[in-house]
Amino acid sequence: MPTALDPAALRTPVVAWFEEHARDLPWRAADRTPWGVLVSEVMLQQTPVVRVEPAWRAWMRRWPGPADVAAASTADVLRAWDRLGYPRRALRLQECARAVVERHGGDVPDDEAALLALPGVGSYTAAAVRAFAFGRRSVVLDTNVRRVLARAAAGAALPAPAQTVAEVRLAASFVPADDAGAARWAAASMELGALVCTARAPRCDACPVRDVCAWRAAGRPGDAHADRRRTQAFTGTDRQVRGRVMALLRDALGPVPQEAVDALWPDAGQLRRCVDALLADGLAVRVPGVDDDTPATYRLPH
DNA sequence: AATACGGGGTC
DNA sequence: GACCCAGTATT
């Protein structure tokens, strides 16, 4: 086991690099609001920055605060979400807006427990909102930070498939004690992972901590967990079918007849199961025909 | 601890 | 065609 990496030896160059190279993202602007930060974090759950940015701008222009989202039609919310993926996140975001209005008078809370209690907010998002919206200390551990620490501190090519307690403890040991420093480290370490210490082709030559990186020192060994990482398929899965149904309902001007839904997918059984699941999830609504001769229609929830 | 959950860009 | 993306909720 190599000598433990001194937190400051990693932090100082990374934060300095961040001052120079931070992207100019709208949810980082001086006029940002806690709600805007929360919206960005939910949109960024499994969706890349480049796709979120335009959607976030349009969303925030249309619904600047949680009360605006709370009052909106769910159908409009789902259409504005468009193709950001996992539309249940849009549903949760609206539930979250309503919870912020009802529980907190329209102000995003800044304490961990209250944030975690909001729909769609898990450990990462709660920590990120604390740091980026309120400048408070928290342990922000997303896929970027996990990778940076796995390489720089643990000498591994990639973090383990599932987050471990040891990993959280390691991450916590790098977080400065003060609020401002912790928030800065969170943003800087994430940005390094996003721009330099990337999953695919890391730009080690441009890395501010190449001299202290354990992975680089070890000769950039391969991924030890490669055998246990299974890539999730998409083609032919329920996720693809659900996506097609949601796209049809989103783009439709009015109710969609049963036969239009039926034409979406060749496997009638799978399609049926997926539509039923969407109804159960609250992502779609089935409107029965007025009599036995008129077919049912489908639409987004109001 | 595993699994479900979108969709698109990139190598 | 595989891999990845500022994860969360459920089982």
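We name chains A, B, ... by the order of the sequence lines, and we start the count at 1 in each one.
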Would you tabulate the side-chain donor-acceptor contacts of residues 182-204 of chain A under 3.5 Å, counting partners in other chains and residues two or more places apart, or write 'none'?
unit_1: A:S189; atom_1: OG; unit_2: A:W185; atom_2: O; d: 2.7
unit_1: A:S189; atom_1: OG; unit_2: A:A186; atom_2: O; d: 3.3
unit_1: A:E191; atom_1: OE1; unit_2: A:R23; atom_2: NE; d: 3.4
unit_1: A:E191; atom_1: OE1; unit_2: A:R23; atom_2: NH2; d: 2.8
unit_1: A:E191; atom_1: OE1; unit_2: A:R28; atom_2: NH2; d: 2.8
unit_1: A:E191; atom_1: OE2; unit_2: A:R23; atom_2: N; d: 2.8
unit_1: A:E191; atom_1: OE2; unit_2: A:R23; atom_2: NE; d: 3.0
unit_1: A:E191; atom_1: OE2; unit_2: A:R28; atom_2: NH1; d: 3.1
unit_1: A:T198; atom_1: OG1; unit_2: A:A201; atom_2: O; d: 3.3
unit_1: A:R203; atom_1: NH1; unit_2: A:L195; atom_2: O; d: 3.2

| said: For the backbone of A:G269 and the side chain of A:W265, can you confirm whether one donor and one acceptor N or O come within less than 3.5 Å of each other? | reply: no
Inset, instruction - Treating Ile, Leu, Val, Met, Phe, Trp and Tyr as nodes and any side-chain heavy-atom pair under 4.5 angstrom as an edge, say whether A:W81 and A:L44 lie in one connected cluster. - result: yes
Residues pairing under salt bridge (charged side-chain N to carboxylate O under 4.0 Å, His left out) where one sits in residues 143-158 of chain A, two or more places apart or in two chains, turn out to be A:R146-A:E167
Which atom pairs, one a donor and one an acceptor, fall under 3.5 Å between side chains of residues 122-134 of chain A and the rest of the protein, sequence neighbours left out?
unit_1: A:Y124; atom_1: OH; unit_2: A:E41; atom_2: OE1; d: 2.7
unit_1: A:T125; atom_1: OG1; unit_2: A:Q45; atom_2: NE2; d: 2.9
unit_1: A:R130; atom_1: NE; unit_2: A:R137; atom_2: O; d: 3.2
unit_1: A:R130; atom_1: NH1; unit_2: A:D110; atom_2: O; d: 2.7
unit_1: A:R130; atom_1: NH2; unit_2: A:R137; atom_2: O; d: 2.9

Q: Taking the side chain as every heavy atom from C-beta outward, state whether A:W59 and A:V77 have any pair of such atoms under 4.5 Å apart.
A: yes
So, with a heavy-atom separation below 4.0 Å from DNA chain B, the residues of residues 82-102 of chain A are A:R83, A:L84, A:G85, A:Y86, A:P87, A:R88, A:R89
*Polar side chain donor-acceptor pair, A:Y86 to A:Q46, under 3.5 angstrom*: no
| request: State plainly whether one hydrophobic cluster holds both A:L91 and A:L38, where clusters connect Ile, Leu, Val, Met, Phe, Trp and Tyr through side-chain heavy atoms under 4.5 angstrom apart. | output: no
Could you walk me through whether A:V39 and A:W27 satisfy the side chain to side chain contact (heavy atoms under 4.5 Å, CB included) test, starting with their C-alpha distance in whole Å, then the side-chain angles of each, then the deciding distance to 0.1 Å, before giving a yes or no? CA-CA 9 Å; A:V39 170; A:W27 47 85; over 6 Å; no
Are A:V287 and A:Y298 connected into the same hydrophobic cluster when the rule is that any two of I, L, V, M, F, W, Y join if their side-chain heavy atoms are below 4.5 Å apart? no
Do any N or O atoms from the side chain of A:R210 and from the backbone of A:A206 form a donor-acceptor pair under 3.5 angstrom?
no
Within residues 39-49 of chain A, the residues having a heavy atom closer than 4.0 Å to DNA chain B are A:Q46, A:T47, A:P48
Residues of residues 195-203 of chain A with a heavy atom under 4.0 Å from any atom of DNA chain C, listed by number, are A:A199, A:R200
Between CZ of A:R51 and C1' of C:dG7 the distance, given in whole Å, is 15 Å
Pairs under 3.5 angstrom only: tabulate donor-acceptor contacts from the side chains of residues 216-227 of chain A to other protein residues two or more places apart or in another chain.
unit_1: A:D223; atom_1: OD1; unit_2: A:H225; atom_2: N; d: 2.9
unit_1: A:D223; atom_1: OD1; unit_2: A:R229; atom_2: NH2; d: 3.1
unit_1: A:D223; atom_1: OD2; unit_2: A:A226; atom_2: N; d: 3.4
unit_1: A:D223; atom_1: OD2; unit_2: A:R229; atom_2: NE; d: 2.8
unit_1: A:D223; atom_1: OD2; unit_2: A:R229; atom_2: NH2; d: 3.2

In numerical order, the residues of residues 111-131 of chain A whose heavy atoms come under 4.0 Å of DNA chain C are A:P119, A:G120, A:V121, A:G122, A:S123, A:Y124, A:T125
Rounded to whole Å, CG of A:L158 lies from C1' of C:dC5 at a distance of 13 Å
Tell me whether A:L300 is reachable from A:L271 by hopping between hydrophobic residues (I, L, V, M, F, W, Y) whose side-chain heavy atoms are closer than 4.5 Å. yes
Assess whether side chain to side chain donor-acceptor pair (under 3.5 Å) is satisfied between A:R32 and A:S40, documenting all intermediate values. CA-CA 11 Å; A:R32 70 184 177 281; A:S40 77; over 6 Å; no
Interatomic distance, OG1@A:T47 vs CD@A:E53, rounded to 0.5 Å, equals 14.0 Å
Could you measure between the two C1' atoms, the one in C:dT10 and the one in B:dG7, and give it in whole Å? 22 Å
Using atom P in both nucleotides, what's the gap between C:dA6 and B:dT3 to the nearest angstrom? 24 Å
Checking A:E19, A:H21, A:E20 against A:W17 for side-chain hydrogen bond (donor to acceptor under 3.5 Å, both in side chains), the one that qualifies is A:H21
- prompt: How far does the C1' atom of B:dG8 sit from the matching atom of C:dA9, given to the nearest Å?
  reply: 24 Å
What residues 14-37 of chain A contributes to the DNA chain C interface at heavy-atom separation below 4.0 Å is A:R23, A:L25, A:W27, A:R28
Taken to the nearest 0.5 Å, the spacing of A:L93 CG from A:W63 CH2 works out to 9.5 Å
Residue pairs meeting salt bridge (charged side-chain N to carboxylate O under 4.0 Å, His left out), one or both in residues 275-292 of chain A, sequence neighbours left out, come to A:R88-A:D281, A:R242-A:D281, A:R272-A:D276
Whether A:S138 side chain and A:V140 backbone form a donor-acceptor pair below 3.5 Å: no
| query | If you group Ile, Leu, Val, Met, Phe, Trp and Tyr by side-chain heavy-atom gaps below 4.5 Å, do A:L264 and A:V256 land in one group? | reply | yes
When rounded to whole Å, the CZ to C1' distance for the pair A:R147 and C:dC5 reads 9 Å
What residues 220-252 of chain A contributes to the DNA chain C interface at heavy-atom separation below 4.0 Å is A:T231
Task: Pairwise C1' distance for C:dC4 and B:dC5, with rounding to whole Å - done: 16 Å
Chain A reaches DNA chain B, atoms under 4.0 Å from its heavy atoms, from B:dT3 to B:dC11
task = Apply side chain to side chain donor-acceptor pair (under 3.5 Å) to the pair A:Q94 and A:T74, showing each step before the final yes or no.
result = CA-CA 8 Å; A:Q94 187 177 39; A:T74 301; 2.7 Å; yes
